[in-house]
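One structure is given here, and the rest of the page talks about it.
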Amino acid sequence: MNAFISRKRRRIEPCDTAEDDTDFKLAILASLHPTIDHSTLLEALLASDGHVEQASQSLTPSSALSSRKRPSSTAGHQASLSSYRLAPVQSRGPAKKPLVKKGMTLYLYAAEDIEAHTPCSIIHNFLPHEQANALLTELIADAHSYSSLEFKLFDKVVSSPHTFGFYVNSLAEAEKQKTEYIYDGRKVTDVRQSLPEMLKACPEVEDAVNREIQRRIKDFYPDGKKLKYQDPRPWKANTAFVNCYDGPKECVGYHADQLTYLGPRAVIGSLSLGVAREFRVRKVLPRENEQHRKEDGSVADAQGQISIHLPHNSLLIMHAEMQEEWKHSIAPQQSIDPHPLAGNKRLNITYRHYKDAFHPSFTPTCKCGVPTVLRCVTKQKENRGRYMWMCHTHYIPGENGCSFFQWAEFDDDGEPPWAARGKK
Ligand SMILES: O=C(O)CCC(=O)C(=O)O
Ligand SMILES: [Fe+2]
């Protein structure tokens, strides 16, 4: 049986009387459990909604397990919190009700918990040890020349506090990317050919992702059927974005990945190497829940979030329900455990399947003459889940774009109408 643990995120408030109360309860718990560290006590208290007695019971280890320490996030070591029975989790299938609560972060470590409570599954120790290290070493060398992503946010040009590189599997593909594809309204100049170890890992990633997709469908989706618009054909790893996070403060904010070249209900395979970091996910709320939005625009506190621990050599599969219904981020941390090969760096490969039918020569072009971006309506209740093609150009600093908008139509397998016409 596995368990999860949760911790209330610390608010930046100079004086908080609730914190005093918590400190008092913590002192009682500490006296009852003198060998358990402070953060584990705090997590148990919060998971028990502040009930000291309940927290104390949950901290009594099951007879078979002797370890009491919260697992450290030491890279390369896969830890689980199964020694604390804070909540029972059924062995297979989706969770009956969400565990995440307002203002809380649930910390998930075990594969069974991750797949039951998020749209992701995880394979720990994915590649053979030597292969993972060779891939990491190859990427560290290439990451020196990565750049950060610049984008426009409310008329300000901001750059993401991490760097990345973009790879495709052949030089011919790289040339096509540079000349035919558009990202945030622009062509990209730095497209790399996948490195030997990246190519070597591709078939393994493809096999694992395809297996996980089938398992997800069978065990988690209604009636064991694929989702509407999900592609029934095998998933391919023909494109990769490699993210580099150098030190605990480098991060990426909450976002959903662009579906423009992947199509609806896309699946992404994300291989983590080097320093272990926290991958946070939260479900997107429809607009009627907007009363929870804070002044700084965030809603994470209002609905809670889930943190997935991503150690070295773990493959996270973001399933077909992820991009349309959830957002994800890599959170900045106070500290990290350095990795023997990578030092302070985490390298992450997000393998993606670019589909032929979504090549920009087929997708609608806006009034600016630029191929459009594919988006899904997530907030507006009436149109939630519908897709639309929209002008990209307003992402370019100094440009406002046009008002182009067109609903996007797909068949049950996520194919756009022009692909069906081509088949006839
Ligand atoms: O670093 C990660 O695990 C996630 C990166 C990511 O979200 C992205 O590349 O879109
Ligand atoms: Fe992403």
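Start at 1 and go down the list; that is how both ligands and their atoms are numbered.
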Requested in this report: Please check if the distance between the ring centroids of Tyr254 and His328 is under 6.0 Å.
Outcome: no
Just the distances, no angles: every ligand 1 N or O to protein N or O pair closer than 3.5 Å, one line each.
from: ligand 1; atom 1: 1 (O); to: Tyr245; atom 2: OH; distance (Å): 2.5
from: ligand 1; atom 1: 1 (O); to: Arg346; atom 2: NH1; distance (Å): 2.8
from: ligand 1; atom 1: 1 (O); to: Asn348; atom 2: OD1; distance (Å): 3.2
from: ligand 1; atom 1: 3 (O); to: Arg346; atom 2: NH1; distance (Å): 3.3
from: ligand 1; atom 1: 3 (O); to: Arg346; atom 2: NH2; distance (Å): 2.8
from: ligand 1; atom 1: 3 (O); to: Asn348; atom 2: ND2; distance (Å): 3.3
from: ligand 1; atom 1: 7 (O); to: His255; atom 2: NE2; distance (Å): 3.1
from: ligand 1; atom 1: 7 (O); to: His328; atom 2: NE2; distance (Å): 3.0
from: ligand 1; atom 1: 9 (O); to: Asn243; atom 2: ND2; distance (Å): 2.9
from: ligand 1; atom 1: 9 (O); to: Arg352; atom 2: NH2; distance (Å): 3.4
from: ligand 1; atom 1: 10 (O); to: His255; atom 2: NE2; distance (Å): 3.2
from: ligand 1; atom 1: 10 (O); to: Asp257; atom 2: OD1; distance (Å): 3.0
from: ligand 1; atom 1: 10 (O); to: Asp257; atom 2: OD2; distance (Å): 3.4
from: ligand 1; atom 1: 10 (O); to: Arg352; atom 2: NH2; distance (Å): 3.3

Requested in this report: Compute the ring centroids of Trp407 and Phe405, then answer whether they are less than 6.0 Å apart.
Outcome: yes
Query raised in the report: Is there a side-chain contact between Phe362 and Pro371 (heavy atoms, below 4.5 Å)?
Result: no
Query raised in the report: What about Phe220 and His319, are their ring centers closer than 6.0 Å?
Result: no
**Report entry** Of Tyr354, Phe166, Phe241, the residue whose pairing with Tyr261 passes ring pair (Phe, Tyr, Trp, His ring centres under 6.0 Å)
**Finding:** Tyr354
Report task. Compute whether any side-chain donor of one residue and acceptor of the other, for Tyr167 and Asp142, lie under 3.5 angstrom apart. Result -> yes
Report task. Kindly indicate whether a cation-pi arrangement holds for Arg282 with Trp326, taking the cut-offs as under 6.0 Å to the six-membered ring centre and within 45° of the axis. Result -> no
Report task. May I ask you to check whether Asn243 and Thr350 show a side-chain donor-acceptor distance below 3.5 Å? Result -> no
**Report entry** side chain to side chain donor-acceptor pair (under 3.5 Å) partner of Ser121, the single match among Glu212, Arg211, Glu112
**Finding:** Glu212
Report summary line: Near the Fe ion (ligand 2), meaning under 2.8 Å, the protein N/O/S atoms are His255 NE2, Asp257 OD1, His328 NE2
